[in-house]
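Side-chain atoms are counted along with the backbone in the values below, which use heavy atoms only and exclude waters and symmetry mates. Just so we're on the same page: letters track the sequence lines, and every chain starts at 1. The model shown is predicted, which means the values in this text are computed figures rather than measured ones.
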Amino acid sequence: MNTRYTFPRSCRLLKTDEFSSVFNFRCAKTGRFLNVYAQPNVTNASARLGIVVGKKQLRTAVARNLAKRVVRDVFRLHQHDLPNLDYIVRIIKPFTQDQSAIVRNELLLLLKKSKRCLDS
RNA sequence: GAAGCUGAUCAAGCAAUCGCUGCCUUGAGUAAUCAGGGGGGAGGAAAGUCCGGGCUCCAUAGAGCAGGAUGCCAGUUAAUGGCUGGCCGCCGUGAGGCGAGGAAUAGGGCCACAGAGACGAGUAAAUCCAUCGCAAGAUGGAUGGAUGUGAAACGCGGUAACCUCCAUCUGGAGCAAGACCAAAUAGGCAGGCGUUGAAGCUGCUCGCUGAGCCUGCGGGUAGGUUGCUUGAGCGUUUGGGUGACCAAACGCCUAGAGGAAUGAUUGCUCACGACAAAACCCGGCUUAUCGAUCAGCUUCACCU
RNA sequence: AGGGGUGUCGCCAAGUGGUAAGGCACUGGAUUUUGAUUCCAGCAUUCGUAGGUUCGAUCCCUACCACCCCUG
């Protein structure tokens, strides 16, 4: 049995209430490009992800989609190593395609940091 | 060799893994959907939306006015304000580049400053002559240029990218166009039954309240389907034309989403990768752009 | 997709082809023991950018850039 790396609907944050509850939990970690919020979730079996991309930061639809795709890809590949949390990733600064490696490392670091923040 | 001019082409490639999204197919499932396999998946500007056309709907007896656009001549095209060729003017040493380039005797307006005077007329100063006067000067006549001006000492002045005139073109809206299917709720129309009692309380009877109820139809909202990619298409060759372009033959099928799809990682190679992402479709224009290649040409320097 | 508007000093802005008003702010001076008020003076390197028409362009024309608004 090989582990699947898909990103089904059950692994996303969908409702506005879910987003605002994670924001109100106030466990945030900030990097150069990203801003990660986290909250433990009891109802779901796996980690869940929500992405916020502002129109002010990334003007065109292509840039927004690229940002979302990069974040989603990192989450997808590491979802089985992550604890049972709700994450929200917000993009603060725009980045281009050749900067995506830096962004990926930063996101992994921030995810680990937020886990430690919740444990303490 | 250096500096340029013009035209054309390309817009990193290959492999593996994990993902995204349509299409075809197989299986499971009532269905939504899920799983496997195959195959496809952004541009030269997709951009700005500046022109032109196709397509669709609405309007339309015919013609005109108004408004708008264009403006040397000829050609090309489905069409154009695009493009091509020629003439003329300007710029550049040159290859070349740029040009809304018709009419001022149809008419109106404007022409700052300077200058006597800005198109109506007319003479301020200067020179010469005559008269008067001691002189300063005054009056009359003649002169032709100078000053200043972008231009002019009156010449049928300049200006039409001021209005205008002339010639040509021009119905409007836009795929959220338009077509089809079609919940819930409200309302409409037709038929039937209803104060000789509809409907409700209520499963039945009594009782009470007291005007609607049933059936059918059509419009139409949410939503869905379609329009949606085979087209004034692309490539090669041949022929015609100075050229834009046209014709013929052969070959090819090349995104079609709907909160909006092309990414990530690893390895190798190289010019070390810019501007930038389709949304009904084409033809142009304009703008952004790391670079690379090819062809023709110009100028300068050096060598033979 | 279609349509409209704006861009002028740090801010608000006037300006109908002839060398860019005004107010606030700022700077300097005067007045005052000091400050505020008041008075005087100063402050525009391309009128968003680039071309064109014109003797001459903020103004007219064309293209572009940025921002805003409207209809669906």
State the [atom1]-[atom2] distance between [X] and [Y], to the nearest 0.5 angstrom.
| X | Y | atom1 | atom2 | result |
| --- | --- | --- | --- | --- |
| A:Arg104 | A:Leu34 | CZ | CG | 12.0 Å |
| A:Leu49 | A:Arg72 | CG | CZ | 8.5 Å |
| A:Leu110 | A:Asn105 | CG | CG | 11.0 Å |
| A:Ser21 | A:Ile88 | OG | CD1 | 7.5 Å |
| A:Lys113 | A:Glu106 | NZ | CD | 9.0 Å |

Expressed as a whole number of Å, how far does the [atom1] atom of [N] sit from that of [M]?
| N | M | atom1 | answer |
| --- | --- | --- | --- |
| B:G150 | C:U53 | C1' | 14 Å |
| B:C165 | C:C12 | P | 44 Å |
| B:U9 | B:C24 | P | 37 Å |
| C:G35 | C:G29 | P | 11 Å |
| B:A232 | B:U56 | P | 13 Å |
| B:G99 | C:C64 | P | 15 Å |
| C:G4 | B:U49 | P | 13 Å |
| B:C110 | C:C59 | C1' | 15 Å |

Nucleotide opposite [N] in a Watson-Crick or G-U pair, distances under 3.5 Å:
| N | result |
| --- | --- |
| B:A74 | B:U84 |
| B:U230 | none |
| B:U6 | B:A295 |
| B:U304 | none |
| C:C67 | C:G5 |
| B:A126 | B:U143 |
| B:U215 | B:A190 |
| B:G171 | B:C58 |

Whole angstrom value for the distance that separates [atom2] of [N] from [atom1] of [X]:
| X | N | atom1 | atom2 | result |
| --- | --- | --- | --- | --- |
| A:Leu66 | B:A42 | CG | C1' | 15 Å |
| A:Arg104 | B:U266 | CZ | C1' | 12 Å |
| A:Asp73 | B:C20 | CG | P | 10 Å |
| A:Phe75 | B:A264 | CZ | C1' | 16 Å |

Give me syn or anti for [N], where syn covers glycosidic angles within 90 degrees of 0.
| N | answer |
| --- | --- |
| B:U229 | syn |
| C:U27 | anti |
| B:G120 | syn |
| B:A136 | anti |
| B:A42 | syn |

What protein N or O atoms touch nucleotides 257-261 of chain B N or O atoms at under 3.5 angstrom, if any, and at what distances?
{"residue": "B:A261", "atom": "OP1", "partner": "A:Asn65", "partner atom": "OD1", "Å": "3.2"}
{"residue": "B:A261", "atom": "OP1", "partner": "A:Asn65", "partner atom": "ND2", "Å": "2.1"}
{"residue": "B:A261", "atom": "OP2", "partner": "A:Asn65", "partner atom": "ND2", "Å": "3.3"}

Taking all atoms of both residues into account, what is the closest heavy-atom pair of A:Val22 and A:Gln39, and its distance? CG2-OE1, 3.3 Å
Partners of A:Phe25 by ring pair (Phe, Tyr, Trp, His ring centres under 6.0 Å), sequence neighbours excluded?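 A:Phe25: no ring pair (Phe, Tyr, Trp, His ring centres under 6.0 Å) contacts found.
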With A:Tyr87 via ring pair (Phe, Tyr, Trp, His ring centres under 6.0 Å) - residues at least two apart: none
